[in-house]
Amino acid sequence: MIRDEIRALVEQALAAAQGAGDLPQFATPAVTVEHPQRPEHGDFSANLPLRIQGLAKMKAVEVAEALRRHVPASEAVAAVRVAPPGFLNFYLEPGWVARQAAAIAAAGEQYATSDAGRGQRVQIEYVSANPTGPIHVGNGRGAAIGSTLANVMRGAGYDVEQEYYVNDAGTQVAIFGRTLYARYQQLFGREVTIPENGYPGEYVVEVAKGIRNRLGDRFLRPSGEESDPELGRLGIHVMVDQIREDLHAMGVEYDVWYSERSLQAEGGMYDRVLSLLRERGYIVEREGAVWFASSELGESKDNVLIRSDGMPTYYATDIAYHYDKFIERGFDRVIDIWGADHQGHVSRVKAAVAAVGGDPDRLDVLLYQLVALRRGREAVPLSKRAGEIVTLREIVEEVGVDATRFFFLLPSANQTMDFDLELAKKQSDENPVFYVQYAHARIAGVLAKAREEGFSSEDADSQLLTHDAEQTLIRKLLLLPEVLEEVIEGLAPHHLPHYAQDLAAAFHVFYTQCRVIDASNEPLTRARLLLLDAARVVLSRTLGLMGVSAPEQM
RNA sequence: GCGCUCGUAGCUCAGGGGAUAGAGCGCUGCCCUGCGGAGGCAGAGGCCGGAGGUUCGAAUCCUCCCGGGCGCACCA
């Protein structure tokens, strides 16, 4: 990408200036270039002179001047200027910029893909909500973030696996099973109440009905007896199917649905990891429970792995799970995406990864802050009545996938967010999703009209794209690779919807200032159609990565 | 109390060592005898929570304080 080329020019200039004796020798810091906020400062700017003025024992402006003399010529660069207090500013060559429109249009769907992550196997695990209930709004945020990150990383050549960890074992599942059995019995007229700490939600009744309708009374046992564990497993299965559908409706597809219960099978991962920890001396037995001596690994305290009732804790199976990710399956990198309420778990899991022989630096935990719902000014409570939560499905049905995903992606993950249902539903200029989609529909509209009237971008001369609005738009198109790099490096997909808005704005300005189809000027018409091709490519790819549709018409 | 995180325009948020702090919405005033006005242009609106410090340079880094959110289980 162009930013890397500019950076390389600065590095070469530095080496050349030192070689020629215009700058003294010293260890050179990493060179960065950025986009100045004021257009008169050029397209790219290097602050290197300011940073090395001390090392060079020269004034920054003099350093900049020495560098400027040694910047190699480049077809992309029209001018390099020194600006006080010591910036080195680069101005792109308009002819080169114009040519990029052709390059982008030709690249099509391949534009802004790269092989930066080639050979790296990355697992992204996200949502992984308990299958004891339908997934809710907060899970939706994780879904949007995770699947977008997966899309972007895949486009950068990473070998990405998306995974949902199904918590189908443990206390909560047992309680769900008992609740389900109570509801099941009620369907056969038995006077039973759902257990204490059970799941009061209506959905459990629906699950019970489904099972009764399919399998009749075969799970009914004599009054007072405990439920058949098979019923609970079946119920979880039904819930997982429902979760899968809800996520599918959000445009999220997983490669692997990983069962927590499978870890605990005889001789499974869980047993293996426990004996591994024992061998390494990380196991302590005390107060009837089995503890992980995590305080030896810098944790503030030890944590229970096996409770005194013999049940493994969530933490224990999570250690086994991460052992499986790193050691058994050998991912080069693992990204876990969790709600911020799991924040305390991060250092524990990292400590555990280290204890089982993994590299905790290859584990990234992306935390997202919680979501509140609103309708305009009015707050919407996330739980409607006892046990009934606002589900993700309801949100998607009410406002649509496009708005749901776009809104979830907009704020950075560590910002708590308000999801305004009223705004998300508005089909008007107040709604940023429509602003962006409208740009795409407008482009599609013009392209269709051009086709009807017999115009095309064939043999277009991109050098005619000299108008300010054209040049600005192309510069915006050239930004996508940088944006994607920032998304990956910062695990920050929120850059994408912001970029989409900037891009749409640049297009709308172009559209009002430059008429595309002009029968009296066919060469210019062709050139501008080429630019529209390029803009459409970039806009649709940006939207596609976010899982938002790029409509031909609205 | 301890840990993580946030505090930037009226509202929702970007920017996380650089040059005069940005966007959308809202507000005010303009622009349709040409491809979709779901658009564009202009303007008003900010001691970047507060106080110290580091630096040539701080909204950005450090310390303390104030305020919001989330954690600190033999729950997940």
Side-chain angles (χ1 to χ4, degrees), chain A residues 32 34 36-38 40-41 45-47 50-51 53-54 59-60 83-87 89 128-130 132 167 169-173 175 197 260 286-291 300-301 303-318 339-347 367 369-370 372 374 377 407 410-418 420 423 426-432 434-435 437-439 441-450 452-453 455 469 490 494-495 497-499 501-502 504-505 507-518 525 528-529 532 553-554:
Chain A
T32 57
E34 58 189 11
Q37 35 190 344
R38 306 184 65 79
E40 59 267 33
H41 293 142
S45 165
N47 64 1
L50 287 155
R51 293 199 293 127
Q53 56 183 328
K59 291 188 145 184
F87 291 100
N89 292 334
S128 299
N130 262 344
T132 52
N167 299 114
T171 326
Q172 294 309 312
V173 168
I175 293 171
N197 307 322
E260 178 186 0
R286 140 171 33 111
E287 297 155 31
V290 175
W291 298 70
S300 54
K301 57 186 172 190
N303 292 281
V304 171
L305 294 181
I306 302 176
R307 306 187 314 205
S308 46
D309 65 2
M311 293 282 284
T313 60
Y314 166 82
Y315 184 42
T317 47
D318 220 21
D341 51 340
H342 290 70
Q343 163 263 122
H345 196 53
V346 176
S347 65
L367 297 173
Q369 299 293 322
L370 303 184
R374 283 192 317 168
R377 304 224 82 87
F407 272 65
L410 210 39
S412 81
N414 41 24
Q415 187 78 247
T416 55
M417 72 172 287
D418 281 346
D420 185 346
L423 178 60
K426 269 193 187 149
Q427 314 242 328
S428 77
D429 53 3
E430 289 168 63
N431 189 336
F434 285 87
Y435 180 80
Q437 290 185 317
Y438 178 56
R442 249 184 165 180
I443 293 172
V446 179
L447 289 173
K449 186 178 162 80
E452 273 169 37
E453 298 183 7
F455 295 102
H494 73 274
H495 292 304
H498 285 102
Y499 170 70
Q501 291 182 90
D502 281 354
F507 164 73
H508 286 309
V509 170
F510 159 76
Y511 182 86
T512 31
Q513 292 191 14
C514 301
R515 170 146 187 109
V516 176
I517 300 171
D518 179 358
T525 299
R528 286 182 168 166
L529 286 172
L532 282 191
Q553 50 190 315
M554 295 173 69

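Quick note on labels: first sequence line is chain A, next is B, and so on, each numbered from 1.
- For the pair Tyr314(A) OH and rC75(B) C1', the interatomic distance rounds to 11 Å; values are reported in whole Å.
- Listed nucleotides rC13(B), rC74(B), rG36(B) differ in distance to Arg442(A); the shortest reach to its side chain belongs to rG36(B).
- When heavy atoms are screened at a 4.0 angstrom cut-off, Ala289(A) is found touching base atoms of the nucleic acid.
- As the counterpart of rC48(B), no nucleotide is assigned, since no Watson-Crick or G-U wobble pattern has both distances under 3.5 Å.
- Taking for each of Asn130(A) and Leu370(A) the nucleotide of RNA chain B with the nearest heavy atom, the 5'-most of the two is the partner of Leu370(A).
- At the heavy-atom level, Pro432(A) lies nowhere under 4.0 Å from the strands shown.
- Base-pair partner of rC41(B): rG29(B) (Watson-Crick or G-U wobble, both distances under 3.5 Å).
- Within the 4.0 Å cut-off from OP1 or OP2 of rA76(B), not a single side-chain nitrogen or oxygen of Asn167(A) is found.
- The side chain of Thr512(A) sits closest to rG39(B) out of rG36(B), rG39(B), rC75(B).
- Contacts of Val516(A) with the nucleic acid, taken as non-hydrogen atoms under 4.0 Å apart, include base atoms.
- Distance, Asp502(A) CG to rG24(B) P: 9 Å, rounded to whole Å.
- Using bins of under 30°, 30° to 60° and over 60° for the plane-to-plane angle, the ring pair Tyr315(A)/His345(A) lands in the perpendicular bin.
- Atom P of nucleotide rU5(B) and atom CD of Gln415(A) are separated by 13 Å, given to the nearest angstrom.
- To the nearest angstrom, P of rG37(B) lies 15 Å from CD of Gln513(A).
- Contacts of Ala450(A) with the nucleic acid, taken as non-hydrogen atoms under 4.0 Å apart, are absent.
- With rG36(B), rG18(B), rC74(B) as the candidates, the nucleotide lying closest to the side chain of Tyr438(A) is rG36(B).
- Within 4.0 Å (heavy atoms only), Asn47(A) reaches at least one base atom of the nucleic acid.
- Here the CE atom belonging to Met554(A) is positioned 5.0 Å from the CD atom belonging to Gln437(A), to the nearest 0.5 angstrom.
- Using the Watson-Crick or G-U wobble rule with both distances under 3.5 Å, rA19(B) pairs with nothing in any strand shown.
- The CZ atom of Arg38(A) sits 14 Å away from the C1' atom of rG18(B) (whole-angstrom rounding).
- The distance from atom CD of Glu452(A) to atom P of rG36(B) is 10 Å, rounded to the nearest whole Å.
- We find the CG-CZ distance between Asp418(A) and Arg374(A) to be 4.5 Å, quoted to the nearest 0.5 Å.
- Within the shown strands, nothing qualifies as a pairing partner of rG36(B) under the Watson-Crick or G-U definition with both distances less than 3.5 Å.
- Pairing of rA9(B), defined by two Watson-Crick or G-U wobble distances under 3.5 Å, is not identified with any nucleotide.
- Nucleotide rG71(B) forms a Watson-Crick or G-U wobble pair with rC2(B), both donor-acceptor distances falling under 3.5 Å.
- In this structure, Tyr315(A) places its OH atom 14 Å from P of rA73(B), rounding to the nearest Å.
- Counting any heavy atom pair closer than 4.0 Å across all strands shown, Asn89(A) reaches a base atom.
- A stacking contact links His41(A) to rA19(B): the aromatic ring centre lies within less than 5.5 Å of the base's six-membered ring centre, and the planes differ by less than 30°.
- Checking the phosphate oxygens (OP1, OP2) of rA76(B), a side-chain nitrogen or oxygen of Thr171(A) falls inside 4.0 Å.
- An aromatic stacking contact between Tyr435(A) and the base of rG24(B) is absent, as defined here by ring centres under 5.5 Å apart and ring planes under 30° from parallel.
- Within 4.0 Å (heavy atoms only), Ser412(A) reaches sugar-phosphate atoms of the nucleic acid but no base atom.
- In this structure, Met554(A) reaches the bases: a heavy-atom distance under 4.0 Å links it to at least one base atom across the strands shown.
- Neither side chain, Arg38(A) nor Ser45(A), offers a donor N or O lying under 3.5 Å from an acceptor on the other.
- Nearest approach of Ala450(A) to Leu529(A), heavy atoms of both residues: CB-CD2, 3.6 Å.
- No donor-acceptor distance shorter than 3.5 angstrom exists from the side chain of Asn47(A) to the backbone of Leu50(A), with no hydrogens or angles considered.
- Comparing rA19(B), rA76(B), rC35(B) against the side chain of His345(A) picks out rA76(B) as the nearest.
- The nucleotide whose nearest atom lies closest to any side-chain atom of Phe87(A) is, among rG36(B), rC13(B), rA19(B), rA19(B).
- To the nearest whole angstrom, the two C1' atoms, one in rG15(B) and one in rA23(B), are 10 Å apart.
- Nucleic acid contact for Ala60(A): none, since no nucleic acid atom lies under 4.0 Å from a heavy atom of the residue.
- Scanning atom types as modelled, no donor and acceptor separated by under 3.5 angstrom connect the side chain of Thr313(A) and the base of rA73(B).
- Here the side chain of Ser45(A) is nearest to one of rC13(B), rA19(B), rU5(B), namely rA19(B).
- In this entry rA59(B) has no Watson-Crick or G-U wobble partner, no candidate having both defining distances under 3.5 Å.
- In this entry the distance linking CD1 of Ile443(A) with C1' of rG36(B) reads 12 Å, nearest Å.
- Take the nearest nucleotide of RNA chain B for His508(A) and for Asp418(A): the residue whose nucleotide is more 5' is Asp418(A).
- Evaluation of His342(A) against the base of rA76(B) yields a stacking contact (centre distance < 5.5 Å, interplanar angle < 30°).
- Of the inter-residue distances, the one linking Trp291(A) atom CH2 with Asn303(A) atom CG reads 7.5 Å to the nearest 0.5 angstrom.
- Ranking rG36(B), rU5(B), rA76(B) by closeness to the Glu260(A) side chain, first place goes to rA76(B).
- A donor-acceptor pair shorter than 3.5 Å cannot be found between the side chains of Gln172(A) and Asn130(A).
- Residue contacts shown for Ser308(A) include a base, since a base heavy atom lies under 4.0 Å away.
- Heavy atoms of Gln437(A) sit nowhere under 4.0 angstrom from any nucleic acid atom.
- Residue contacts shown for Gln37(A) are limited to sugar-phosphate atoms, with no base heavy atom under 4.0 Å away.
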